[in-house]
Every structure is written in structure tokens, then in C-alpha cells.
A.B. asks: 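This is the structure I want to talk about, given as C-alpha cells.
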Amino acid sequence: MTASAASAIPDATSQQTKHLNDHRLSFTGLSVRYDRGPTILQNLNLSLAPGEFTVLLGASGSGKTTLIKTAVGLIRPASGMISLNGSVLSGKRPKQLRSKLSMIHQDFGLSPRLSVIQNVMAGVAAETNLFRVMLQAYPRTIQRRAIERLVDVDLSPEHFDRRARDLSGGQKQRVGIARALMRDPEFLLADEPIASLDPMTADRVMTLLKQLGRQRGIGVLCSLHQIEIARQFSDRIVGMRHGKIVFDGAPKDLSAKALEKIFGAPPSPVEMLSSQTGALS
Amino acid sequence: MTQTSASAANWKAKPIISTQTILIVLAVLITLGASAERMKLDTFFEQATQFAGQMVGLNETSQIGASLQRITGEMFPLAISEQTPVSDIPDFDQNELPLFSSLEIQSREISRLNPDTLQLETLKEEDAVLIEHFGYLFFLMEKMLETVEIGVWATLFAVLVSVPLAILGSQNFAPHRAIYLLIRSAVSFLRAMPELISALFLVLCFGFGPVAGILALGLHGVGFLGKFFAEEIETSDPKPQEALKALGASPLTILRLGVFPQILPALLGLSIYILDRNIRMATVVGLVGAGGIGQELRGRYDLFEYDRVGTALLLIFVVILALDLASAQIRKRVT
Ligand SMILES: Nc1ncnc2c1ncn2[C@@H]1O[C@H](COP(=O)(O)OP(=O)(O)OP(=O)(O)O)[C@@H](O)[C@H]1O
Ligand SMILES: [Mg+2]
């Protein structure tokens with residue numbers, strides 16, 4: 001942890017010296033549709049602040065994954081604009097700016113037969129010499145950085161050489177987070193990062209995400225469908241329904257009426273129960 | 001409700017044998033009958049009955065029986081030794097015989113006309129002959145090794161060519177749909193071409209010997225592996241690939257980190273299957289002159305030396321049996 005603390009401090013201070021208002025991730029008039037299908041996101045406007053933990057709350061199929069994938073460039077928007085620090089990200093995909101965004105995946109997105117450390121170093125594979133990537137011979141500095149990130153996410157050295165498939169779900173997501181942190185992102189976009197974890201593990205992973213975001217001044221957009229977890233961890237909640245933002249406010253403003261707007265009918269008892277068990281842990 | 005129950009009452013089960021079925025069966029029988037005549041199956045039937053009759057003692061001889069008797073008679077005992085007249089061996093040193101060999105003096109009787117007496121006389125001529133007791137067997141083993149080497153090189157060729165072809169010929173990594181279609185059809189063509197026939201032509205291009213065999217089997221192997229490798233790439237888990245893409249990784253990086261580690265065991269299993277198959281087929285392409293034990297076997301067959309043919313067959317049988325067992329074991333372990 002000493003190594004991680006040392007590396008975390010300069011990150012945080014450098015973030016604070018910048019003009020915070022310029023460092024926003026903004027979606028303006030964003031519309032997304034899959035080829036010839038219906039429009040999934042409709043004229044969406046959203047602006048995220050650095051260091052803020054925003055939960056994207058919405059029912060299944062509301063478009064959470066679509067929004068996050070569009071932000072990191074996996075989906076090309078039909079129209080609208082994504083910008084970071086006032087520079088446009090969409091369109092020709094400027095690599096330099098894209099590298100300020102990292103995604104965390106619901107199913108972790110690790111290569112199961114590669115080792116933990118190889119998976120983490122893959123976080124900067126795009127910025128590394130292709131020949132080195134092919135031989136999996138990364139420079140020392142990158143290896144050291146990967147180890148630091150693994151320590152930051154509380155994984156112990158005995159796991160570093162293990163194959164990713166031999167880890168537990170919670171450990172896998174920690175590797176996913178370490179990989180996302182390799183490129184020192186300004187924003188983390190986490191798509192239901194705890195959906196396949198048990199409540200206890202989910203709580204720990206959420207705590208870690210929140211803590212890392214705060215320490216490093218990273219803005220986090222975390223999609224969830226569990227209401228209680230959203231309330232517990234977020235600084236801001238954005239509610240989504242049928243590809244439109246129907247709520248945007250502090251967790252304390254998430255009233256029963258707001259929930260009805262987001263989820264349509266009042267949340268079912270099952271949904272309440274599952275979010276409560278999540279909160280209990 | 002009433003409508004459905006009315007139509008249900010009118011419903012009849014289909015007859016088990018319809019006129020259509022009977023017509024189809026008749027047509028098939030007539031076609032088979034005509035074909036049987038073209039295939040001279042009647043002659044075969046006659047010969048087979050005759051042979052069966054001989055077996056149970058009804059008649060004295062049969063054509064099949066006679067041929068079998070002749071072939072087995074000449075095949076056994078199997079030839080495993082090699083004899084060479086010492087006069088044919090340059091720098092022969094009697095004190096340093098090769099391993100497992102001995103010298104034998106063979107005498108021959110030669111009749112010739114004595115020019116002085118003008119009478120026919122018989123002379124005894126003595127020849128020293130080197131007998132290597134396992135000479136032919138060792139020679140065949142060397143040829144068998146050549147066959148195995150042909151199979152290994154052909155597999156190496158097939159794997160090395162197939163990996164890039166499979167990448168360019170997979171739906172998710174082909175740079176253009178035209179390239180995908182071109183590669184997939186080329187690969188299908190290679191698969192459709194029987195290796196025995198391509199070997200015939202390659203022997204014309206490259207002459208008798210292993211190179212023609214390696215190319216014939218290698219190209220056919222590309223036909224298989226090019227297709228199966230591409231299918232492995234296409235069906236490999238998209239999640240790690242998507243995660244790498246979100247990190248801005250290039251297609252090559254995605255293949256290296258997100259695809260190949262996952263499909264490697266499958267690729268190994270397929271390659272070992274092709275290796276097994278190539279070694280088996282290497283004996284066959286040898287028959288048309290593409291090197292190895294097959295070429296030797298064909299040569300002896302043409303000279304009616306069935307005792308040597310028999311030894312070659314036995315050796316092939318033993319090696320292929322061992323290979324089958326080994327490859328099944330290895331494939332079980334890698335996949
Ligand atoms: N590849 C695709 N092609 C066509 N339609 C898609 C595709 N992916 C998602 N959709 C549609 O887009 C809509 C939004 O999907 P999305 O995955 O963004 O929702 P989500 O909020 O992430 O849901 P969940 O909570 O189930 O993950 C859904 O109606 C879905 O059917
Ligand atoms: Mg989703």
C-alpha cells in the first residue's frame with residue numbers, strides 16, 4: 001500500500017491544480033441506434049465532473065450499456081457529440097483523448113488464459129510498441145506500474161502470475177479495475193461492475209471504485225440497477241428510461257416518484273429485496 | 001372452439017406407406033440394378049460363390065482362392081534380410097563386417113562349352129555373399145522415417161500457412177469482405193483436391209521424392225486448417241476482444257491478447273489431428289512416387305516381390321497403430 005499511496009498523491013494534486021470545470025466529460029445531443037434498428041439513445045445531454053461518482057440508474061434495456069460503449073468508442077453515435085476538456089472525442093476518434101477514458105466491464109472482459117499481470121499490462125498495449133506486445137515483453141516501467149495498480153486494488157503478489165480464469169469474481173473485477181487504471185484515465189466508465197458478484201464482494205468492489213475515484217480525482221460513471229447501492233455510493237444519480245435521462249440529482253432527491261419515472265411502475269418487491277440485501281452487506 | 005373441434009374431427013392420420021413411397025423405392029431399386037450391371041457385380045458374385053464353394057470343399061479351385069494362395073505363398077516368409085555379392089561392394093573389408101551380418105559362400109553351377117574339347121562341361125563357381133540379416137528391415141525403417149518426416153514437414157507447412165490465412169479469412173478480422181471470400185474459396189478448393197491427385201502432378205513438377213509429397217499433403221492440410229482455424233477465431237469469446245478494443249488496441253493486439261491465448265488448445269488439437277492424418281496419407285502419396293515407404297512398396301509391387309511388399313505392409317501397420325494411440329493420448333491432454 002505504500003507504493004500505491006506514493007503514486008496516488010501526485011495524481012490527485014495534479015488533478016486539483018487544473019481547472020476543474022474544463023475537465024468535464026460531456027455528451028451533447030447524443031443519438032445512438034444499432035444498424036437499421038430503433039433509436040436507443042435519443043438526443044441525450046449529460047455532463048460529468050471530474051472526481052464525482054455518478055451512478056447511471058435504469059431498468060434493463062434502458063440504454064446504460066449503449067451509452068458507456070458509445071463513450072469509449074465501441075459504438076459510433078448516429079449524431080451528437082462527446083467531448084472531454086472541450087475537445088471532441090467522437091468522429092475520427094482521437095486516440096490521445098480516448099486514452100483518458102477507461103471502461104470496466106460487467107463480465108470483466110479479461111483474457112482467461114493470460115496471467116493477471118499480462119491482463120493488467122494490456123491496459124496500455126495500444127500505447128506500447130507492437131513488437132513488444134506480440135512477444136509480451138513490456139518495458140520494466142510498465143511492469144512496475146502494473147504491479148503498483150494491482151497493489152492499489154488490494155491484490156497480493158501470489159495472484160500476479162495466476163491465470164485470470166483461476167480467480168474469483170471479485171478478484172477478476174479488481175484486475176479489470178487495475179487494467180483500466182493503467183492509462184491514468186480522467187474518467188472511469190463502469191458498466192454494471194458488480195452485476196455478477198455476491199452482495200459482500202459487490203460492496204467491497206464499489207467501495208474500492210469510490211475510494212480510487214476520490215483519491216485520484218477520477219470521475220466515475222457507474223451503471224447499476226440496484227437502487228440501494230446507487231443511493232449508498234453515489235454523489236449524483238442519473239436516471240435513464242428508454243434511452244432518455246428522466247432524473248438527474250443528488251441521492252437524497254431520489255424520491256418514490258423519481259423511481260417511478262425511472263423504472264416505470266413502482267419497483268417490484270423482488271427488486272427492493274435484492275437492492276436491500278445488497279445494502280445490508 | 002367449435003371450428004377447431006370440427007377440423008380435428010376431420011383430421012386423418014397419414015397412411016404409413018403412400019403411393020409416393022412405393023414409387024421412390026421402386027425407382028431406387030431399378031437404378032441400383034442398372035448400376036450393379038455396370039459394376040460387374042454379377043461376376044463378383046459368381047467368383048465369391050465359387051470361392052465359398054472351395055472353402056467348404058464343394059469344388060477344387062476358384063479364381064480368388066488361387067490368387068490368394070499365390071500371393072500369400074510368395075509373401076511368406078517375409079523378407080527382412082538383404083544379400084549383396086561381395087564383388088559389388090567397393091572397399092570390402094572382410095574383418096569389419098557390419099552389425100548383424102555374416103559372409104556366406106554361395107556356389108553356382110555354370111554350364112559352358114569347353115573350346116578345347118568342344119564338350120559341354122559344368123563348372124562350380126564360388127561367390128562370397130554378404131548377408132545382412134536385418135538389412136531390408138533397416139532399409140524399410142529408414143524409408144518409414146522418411147514417410148514420418150514428410151508428414152511432419154507437411155503439417156508444419158500447413159500450420160504456418162493456415163494461421164495468417166485464417167486471420168484474413170475470418171469474418172471478424174478480414175480487412176475486407178472480398179478478401180474473406182477469396183481466402184475461404186481458395187481454402188475450400190485445396191480441401192476438395194484429393195492429395196493423391198495433386199501428388200501426381202507435383203511429382204511431374206518436382207520429380208520423384210519427398211518434396212512432392214510434402215507439398216501435396218501440406219496444401220491439403222491448409223484446406224483443413226485454414227477453415228477450422230478461421231472458425232475458431234470467429235467463435236472465440238468476444239468479451240475479451242471488446243475490452244481490448246475499448247482500450248484502443250489494434251486488430252493484431254486483439255488477436256495476440258484476446259483471441260489466440262483462448263483458442264490455442266483447440267489449434268493444437270487440430271494440428272495434431274492433421275499430423276496424424278498426414279503421416280498416414282504420406283504412405284499413400286508415396287505410391288505415386290512422392291517419397292517414403294509408399295514409393296518403396298510400389299516399386300517392389302511392380303517387381304512382384306511380394307515378400308518385401310509384405311514386410312513393408314506390416315511395418316506400416318505397426319507404425320500407424322502406434323501413431324493412432326499416441327495422437328489420441330496427446331489430443332486428450334491438450335484439449
Ligand atoms: N447489438 C445490438 N443490436 C441491436 N440492438 C441492441 C444491441 N445491443 C443492445 N440493443 C438494444 O438496445 C437497447 C438498450 O440496450 P442496453 O444494453 O444499452 O441496455 P442496458 O440498460 O445496458 O440493459 P441491461 O441492464 O440489461 O444491461 C435494448 O433495447 C437492446 O435490445
Ligand atoms: Mg447493460
Side-chain angles (χ1 to χ4, degrees), chain A residues 65 68-75 89 93-115 118-136 138 163-165 172 175-176 179-183 185 188-191 196, chain B residues 159-168 170-177 180 228-272 330-335:
Chain A
T65 303
I68 287 174
K69 282 189 180 174
T70 310
V72 298
L74 284 175
I75 300 172
L89 288 178
R93 289 206 210 170
K95 225 181 178 182
Q96 206 75 42
L97 290 170
R98 277 279 185 235
S99 71
K100 302 284 185 233
L101 308 183
S102 281
M103 180 169 171
I104 292 165
H105 303 258
Q106 173 175 348
D107 34 48
F108 322 125
L110 304 178
S111 290
R113 289 171 53 87
L114 289 186
S115 73
Q118 278 177 310
N119 269 292
V120 174
M121 291 190 295
V124 287
E127 288 84 39
T128 308
N129 177 311
L130 184 67
F131 194 61
R132 282 184 171 279
V133 176
M134 292 299 126
L135 294 176
Q136 286 292 281
Y138 291 90
R163 282 188 174 169
R165 65 167 181 205
K172 280 182 189 157
V175 176
R179 176 175 67 183
L181 291 175
M182 275 301 275
R183 54 213 318 223
L188 270 181
L189 298 123
D191 185 25
S196 48
Chain B
V159 170
L160 290 181
V161 174
S162 293
V163 167
L165 277 189
I167 292 170
L168 296 173
S170 65
Q171 265 171 331
N172 38 350
F173 285 95
H176 193 276
R177 184 145 177 90
Y180 160 80
F228 290 127
F229 283 6
E231 280 173 1
E232 288 297 331
I233 292 173
E234 281 168 0
T235 56
S236 86
D237 185 2
K239 288 169 201 154
Q241 299 177 44
E242 195 177 68
L244 288 161
K245 204 172 167 209
L247 288 162
S250 66
L252 264 182
T253 305
I254 294 175
L255 280 164
R256 171 65 183 87
L257 298 176
V259 178
F260 275 95
Q262 275 68 258
I263 63 174
L264 200 64
L267 299 195
L268 266 176
L270 287 167
S271 303
I272 287 166
I330 297 172
R331 265 187 297 152
K332 213 187 293 168
R333 217 162 285 176
V334 293
T335 47

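Sequence lines set the chain letters: A, B, ... in the order given, protein chains first and strands last, and positions in each chain run from 1.
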A.B. asks: Most heavy-atom pairs under 4.5 angstrom with chain B, which of A:Met103, A:Met182, A:Lys69, A:Arg165?
C.D. replies: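 Sorted descending by pairs with chain B, the first entry is A:Lys69.
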
A.B. asks: Out of curiosity, B:Lys239 NZ to A:Gln106 CD, how far, rounded to the nearest 0.5 Å?
C.D. replies: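 One gets 8.5 Å once the value is rounded to the nearest 0.5 Å.
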
A.B. asks: Between A:Leu130 and chain B, which part of the residue has a heavy atom less than 4.5 Å away: side chain, backbone, both or neither?
C.D. replies: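 Looking at A:Leu130, just its side chain touches chain B.
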
A.B. asks: Counting only pairs under 3.5 Å, give me each side-chain donor-acceptor contact of residues 246-271 of chain B, with atom names and distances, residues two or more places apart or in other chains.
C.D. replies:
from: B:Ser250; atom 1: OG; to: B:Thr253; atom 2: N; distance (Å): 3.4
from: B:Ser250; atom 1: OG; to: B:Thr253; atom 2: OG1; distance (Å): 3.0
from: B:Arg256; atom 1: NE; to: A:Met134; atom 2: O; distance (Å): 2.7
from: B:Gln262; atom 1: OE1; to: A:Arg113; atom 2: N; distance (Å): 3.4
from: B:Gln262; atom 1: NE2; to: B:Gly258; atom 2: O; distance (Å): 2.7
from: B:Ser271; atom 1: OG; to: B:Leu267; atom 2: O; distance (Å): 2.8

